[in-house]
Structure formats: C-alpha cells, structure tokens
2 protein chains.
Amino acid sequence: MSSQPDLAPSEPGRRERNKQEKRRRILAAAGRLFRRKGFAATTTQEIATAAGIAAGTLFLYARSKEDLLLLVFMDEMQGVIDKAFAAVPAAAPLVDQLMHVFGGLADYHAEDVRLARAFIREIAFNEDRERRREVMGVRTVINAGVARLIGEAQRRREIGRELDPGDAAQVYFSVYFLLLQNWLNDDIDRDGFDAQLRRRLETAVAGSRAPTRRAGARLIGRP
Amino acid sequence: MSSQPDLAPSEPGRRERNKQEKRRRILAAAGRLFRRKGFAATTTQEIATAAGIAAGTLFLYARSKEDLLLLVFMDEMQGVIDKAFAAVPAAAPLVDQLMHVFGGLADYHAEDVRLARAFIREIAFNEDRERRREVMGVRTVINAGVARLIGEAQRRREIGRELDPGDAAQVYFSVYFLLLQNWLNDDIDRDGFDAQLRRRLETAVAGSRAPTRRAGARLIGRP
DNA sequence: ATAAAAAAATGAGCGCACTCATTTTTTATG
DNA sequence: CATAAAAAATGAGTGCGCTCATTTTTTTAT
C-alpha cells in the first residue's frame with residue numbers, strides 16, 4: 001500500500017518469514033487436531049481451515065497427511081530422547097538403564113497411544129524416502145546413546161568387552177521396537193510391555209557363552 | 001431352473017460352496033493384480049471386475065483393500081514357514097541355523113520386495129484386531145520353531161541352559177523383523193540385510209557374561 | 001409349486017486425500 | 001513508480017476406497 005520499499009526484517013526476507021510462520025501454524029493446527037480427534041478422523045481440510053489456508057496450500061508444506069504427522073512428532077522427538085537419556089541412573093545395572101531409556105520413550109507415547117501408533121507406523125513405513133532418512137537420523141541418536149551406556153557398562157566391568165556396543169545397541173533397539181508395536185497395537189498392555197521388555201533385554205544382554213570353556217560352537221556332531 | 005430340490009453337494013450346501021468359490025476367485029484376482037501392478041496401483045474396482053463381481057461385493061469378503069493383501073499372503077505363509085524350517089542343517093551352529101530360517105523367509109519376500117513391504121506393513125500395523133490375532137498365530141509358529149532350534153543347541157551343549165528359549169526366540173525374531181523392515185524400505189540392500197542380521201544374531205546369541213567370574217552385575221560403584 | 005424369510009449381490013453415492021490450471025502476491029529490474 | 005518475472009496460494013476437479021438402500025438369489029416352510 002504505502003511506500004515501504006524495504007520493510008523486510010533483519011535477515012530472512014519477508015517471503016521466507018511468511019512461509020515459516022505459515023508452516024508453524026500448520027503444524028500447530030495439525031498437532032492440535034490429531035490429538036483432539038485422532039489421526040484418521042482429522043481431515044486435511046480441517047487442518048487447512050484451522051491454519052487459515054486453502055486446502056491445496058497444505059500440500060505445499062507437507063507431502064501427505066502422513067507426512068504431516070511425522071513433521072509434528074519429529075519436532076518433539078529430540079527433546080523426548082534427550083529427556084529419556086538425561087536421568088539415566090549412572091550406577092544402575094545396564095538392563096535397568098535400558099529400561100529407563102526405553103521406558104522414557106514409552107511414557108511419551110503413552111500420552112496418546114492411538115496417535116503414537118499412527119506415528120510409529122510412519123516411522124517404520126512412511127512412503128517418503130527423504131523423510132525416512134530423517135527418521136533414521138533420530139534412530140541413530142537413540143542408538144548412539146544406548147551404545148554409550150553399553151560402553152560404560154563394559155568400562156565398569158559389568159559386561160565383557162567382546163560385545164560390540166553398536167551391534168548390541170541395535171539388538172536392544174529391535175527388541176524395544178517390536179514390543180512397542182505390540183503395545184501400541186493393543187496386543188499387550190503397558191505392564192506386559194514393561195515386563196517382556198525386561199525379560200528380553202536380560203536375555204539379550206546375558207546371551208549364552210558355551211556352557212563349558214572348551215565346547216564352543218565347534219561341537220556340531222550327533223548327540 | 002428345472003427341478004433340483006436338493007442338488008446340494010455332499011457336505012457344505014450350495015450357498016456355502018458359491019461363497020468359497022467366489023472367495024477363491026477374489027483372492028486369485030487380487031494376488032495376480034497386486035503382483036502385476038503393485039498394491040497401490042491396483043484398484044479394488046479392478047479386482048472386483050477380474051473376479052467377476054460388483055465393486056461392493058468385494059467388501060463382503062474382505063474388510064478393506066489392506067485386508068485383501070493379508071488374506072492373499074496369509075494363505076501362502078504357512079507353506080513358506082514350513083519350507084524355511086524344513087532344510088535347516090541339523091549339525092550347523094545355531095546362528096547358521098537362524099540365518100537359514102530367516103534367510104528362507106527373506107528369500108520369499110525377495111520375489112517381490114515392493115509388495116512384501118506392503119504386506120509386512122499390514123503384518124505390523126493392520127487396523128483389524130481380528131486379523132492381527134491371526135498374524136500373531138503365524139508369528140507364534142515361527143517363534144516355536146526358533147525356540148526349538150535353541151533348545152536343540154542347548155541339548156548339544158553349543159549354548160548354555162541359562163537361556164530361556166522362548167525369550168531368546170523373541171529377541172532373534174525382533175532382530176530379524178527390524179532388519180526386514182529396513183530392507184523392504186530399501187534403506188539397506190539384501191546383502192546388507194544378511195550381513196547385519198548375522199552380526200546382530202551373533203551378538204544376541206553370545207551376549208555377555210560378566211568379564212570375570214566374580215565381578216558380576218554387582219559391581220556398580222565408581223570406577 | 002408357492003410364499004415368506006433370509007442371505008447375498010449390486011452399484012450409485014459419499015467423503016476424503018491429493019492435483020493442477022489459474023489467480024494472487026512478492027520480488028527484482030529499469 | 002511501473003513492469004516483468006518468480007513464487008506462492010487457491011479451490012474446483014479427480015480418482016479412489018468404502019457404504020448402504022435396494023434388488024436379486026437362495027433357502028425354508030407350507
């Protein structure tokens with residue numbers, strides 16, 4: 001309207017700022033509606049309206065409704081992970097530490113199990129390669145943290161050094177992730193999740209050396 | 001038309017037979033089209049037409065398009081599992097045996113990776129509780145087989161008896177299942193799948209006793 | 001055989017996620 | 001400020017999975 005040839009803010013330019021602001025509104029509206037009505041029951045039209053944009057505009061900011069769900073949650077995940085690792089009891093046995101970490105993640109999902117289910121489904125099977133790469137990044141963070149705990153357990157001689165922390169971390173995460181799916185699918189309840197997670201983690205951490213020092217994996221003949 | 005008051009076949013009655021025959025045609029058509037065009041690109045209308053029924057009739061036989069995919073695959077799964085366990089080398093180390101079993105399952109999925117991905121997604125997250133229970137049944141079969149292998153390994157003293165076969169089987173399956181997802185998502189290739197599966201299974205089987213006989217998990221003080 | 005009841009099949013219609021030709025807004029240029 | 005070019009937003013349109021009131025077929029009872 002009036003003369004403002006360069007009203008642009010300090011750094012990012014007016015256009016960019018509008019886009020960021022719009023993006024923020026979209027994710028806020030999506031998160032609010034997903035939580036209030038559930039993922040399936042929320043329409044993209046509703047989200048668009050709540051964000052004050054047209055239906056089609058939504059898809060300039062997210063590639064699909066599922067993508068939107070990932071965007072909403074991924075924003076929060078780093079904080080959740082940090083929190084889960086923050087208060088790990090330094091002196092506790094490894095399995096207790098793992099229960100603390102995975103339990104912390106589960107506590108977050110427990111806030112809205114149905115929605116967490118939809119989120120984890122996208123974590124595991126989102127169509128978008130690019131987005132899955134970002135997911136992998138988050139998973140890597142968790143894994144690095146777990147591997148660190150394993151390394152510390154080795155240093156304090158709770159477990160032996162023959163265990164590769166990276167591989168072991170992947171194993172423990174696999175155990176967590178499958179049970180998480182079972183729980184979010186309501187195939188088991190939260191108590192079952194905790195109980196079975198502990199059992200399986202104990203099994204995985206302990207494993208089994210050969211029963212005698214010399215038998216080893218070489219004993220493969222007939223009984 | 002003419003008088004056949006009780007033309008019904010030996011046992012199941014005419015109606016029931018028609019339904020079974022129609023069901024067969026539907027699953028055959030669905031399987032054929034899914035494999036030829038992919039899951040997403042196949043429409044339920046196409047399947048209905050190929051099966052010689054109306055669009056709406058399809059949903060009297062399957063609750064959703066995803067359900068149809070599960071029905072198609074579940075039919076085959078028992079055979080695939082039997083085959084995977086059939087030729088397990090009886091004398092090989094446990095990890096090799098596990099690789100044989102999980103590799104056998106992976107070989108089957110390798111026939112059509114894209115479709116297998118859609119199938120496994122439904123295995124993990126299908127909306128239908130009833131159907132997921134059936135899936136659980138199949139998983140239980142795999143687990144029992146793996147647990148049997150573990151038990152045999154214990155009996156031939158390859159591994160120790162302190163390992164609970166059921167729990168360990170769940171751990172190994174978790175490891176397999178997560179890597180399967182990674183592979184079908186094309187985050188890793190088949191070679192990577194095999195290589196990492198082996199590493200992680202070895203890690204899980206071996207685990208880690210405490211490094212010295214007396215240290216145990218009790219050593220939790222300061223370094 | 002006929003009528004009544006039950007089961008199964010039909011397909012037009014609905015709501016939804018997503019696309020894309022067009023319009024509006026913003027930036028760059030003389 | 002005027003104009004051209006680029007970017008962003010719009011919303012009517014499309015195709016799809018799925019539903020459900022209606023029709024057709026099959027079974028049961030008389």
Side-chain angles (χ1 to χ4, degrees), chain A residues 1-9 11-26 29-30 33-34 37-71 118 122 126-128 131, chain B residues 1-9 11-26 29-30 33-34 37-71 118 122 126-128 131:
Chain A
M1 306 246 167
S2 41
S3 53
Q4 282 147 329
D6 197 30
L7 180 278
E11 263 295 296
R14 177 139 67 116
R15 176 137 73 196
E16 195 55 30
R17 258 174 78 107
N18 282 346
K19 281 188 71 170
Q20 286 306 110
E21 164 60 14
K22 205 160 280 188
R23 188 189 134 96
R24 215 188 44 71
R25 287 211 315 273
I26 290 169
L33 284 164
F34 285 157
K37 309 186 50 176
F39 178 72
T42 301
T43 69
T44 55
Q45 181 58 256
E46 287 174 308
I47 297 170
T49 302
I53 59 174
T57 307
L58 198 66
F59 295 94
L60 300 174
Y61 290 82
R63 297 190 234 233
S64 66
K65 189 183 170 185
E66 286 75 24
D67 193 32
L68 211 42
L69 181 66
L70 274 180
L71 290 174
E122 294 314 311
N126 188 57
E127 299 288 342
D128 201 281
R131 203 67 73 195
Chain B
M1 294 270 170
S2 41
S3 54
Q4 283 147 330
D6 197 30
L7 182 278
E11 262 296 297
R14 178 138 68 114
R15 175 137 75 199
E16 194 54 30
R17 257 175 79 107
N18 282 347
K19 280 187 72 169
Q20 285 307 108
E21 163 61 15
K22 205 160 281 186
R23 187 191 134 96
R24 214 189 44 70
R25 288 210 316 273
I26 291 169
L33 285 165
F34 285 158
K37 310 185 50 179
F39 179 72
T42 301
T43 68
T44 55
Q45 182 58 255
E46 287 175 308
I47 297 170
T49 302
I53 58 172
T57 308
L58 200 66
F59 295 94
L60 301 175
Y61 290 82
R63 298 188 233 234
S64 68
K65 189 183 170 185
E66 287 74 25
D67 193 32
L68 213 41
L69 181 66
L70 274 181
L71 290 174
E122 295 313 313
N126 188 59
E127 298 288 342
D128 199 283
R131 203 68 73 196

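A, B, ... follow the sequence lines: proteins, then strands. Residue 1 opens every chain. Just so it is clear, the model here is predicted, and its values are computed rather than measured.
- Each of D:dC18, C:dC18, C:dA8 was ranked by its minimum atom distance to the side chain of A:S64; first place goes to C:dC18.
- The interatomic distance linking B:R23 (CZ) with C:dA8 (C1') rounds to 16 Å, in whole Å.
- Across D:dC16, C:dC18, D:dC18, the shortest atom-to-atom separation from the side chain of B:T43 is found for D:dC16.
- Interatomic distance, CG of B:L68 versus CG of B:L58, reported as 5.5 Å (0.5 Å rounding).
- Here D:dT10 presents its C1' atom at 10 Å from NZ of A:K22, a figure rounded to the nearest Å.
- At whole-Å resolution of the value, CZ in A:R63 and C1' in C:dA17 are 16 Å apart.
- A salt bridge links A:E46 with A:K37: the closest approach of a Lys/Arg side-chain nitrogen to an acidic carboxylate oxygen falls below 4.0 angstrom.
- Heavy atoms of B:I53 sit under 4.0 angstrom from primed sugar atoms or phosphate atoms, though from no base atom.
- Of the candidates C:dA9, D:dT10, C:dA17, the closest approach to any side-chain atom of A:L60 belongs to D:dT10.
- Counting heavy atoms from C-beta outward, B:E21 and B:R25 have side chains that approach closer than 4.5 Å.
- Atom CD of B:Q45 and atom C1' of C:dG13 are 14 Å apart (whole Å).
- With D:dA8, C:dA17, C:dC18 as the choices, the nucleotide that has an atom nearest any side-chain atom of A:T44 turns out to be C:dA17.
- Taking atom NZ of B:K65 as the reference point, atom C1' of D:dC16 lies 8 Å away to the nearest angstrom.
- Between B:L33 atom CG and D:dG17 atom P there is a gap of 12 Å when expressed in whole angstrom units.
- To the nearest 0.5 angstrom, A:D67 atom CG is 6.0 Å from A:D128 atom CG.
- Within the 4.0 Å cut-off from OP1 or OP2 of C:dA9, not a single side-chain nitrogen or oxygen of B:K19 is found.
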* Base-pair map of DNA chain D as dot-bracket, where | denotes pairing with a different strand and pairs are Watson-Crick or G-U under 3.5 Å -> ||||||||||||||||||||||||||||||
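- Rounded to the nearest 0.5 angstrom, A:T57 OG1 and A:I26 CD1 are separated by 7.5 Å.
- Considering only side-chain N and O atoms, A:Y61 lies under 4.0 angstrom from the phosphate OP1 or OP2 of D:dA9.
- Side chain of B:T57, nearest nucleotide from C:dT10, D:dC18, D:dC16: C:dT10.
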* side chain to side chain contact (heavy atoms under 4.5 Å, CB included) assessment of A:R63 paired with A:R131 -> CA-CA 10 Å; A:R63 297 190 234 233; A:R131 203 67 73 195; 4.0 Å; yes
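- Distance CD1 (A:I47) to P (C:dG15): 19 Å, rounded to an integer number of Å.
- Panel note: side chain A:K65, backbone A:F39; a donor-acceptor pair is recorded below 3.5 Å.
- Here the side chain of A:F59 is nearest to one of C:dA17, D:dC18, D:dA8, namely C:dA17.
- In this structure, the CD atom of A:E21 is 17 Å from the C1' atom of C:dT26, given to the nearest Å.
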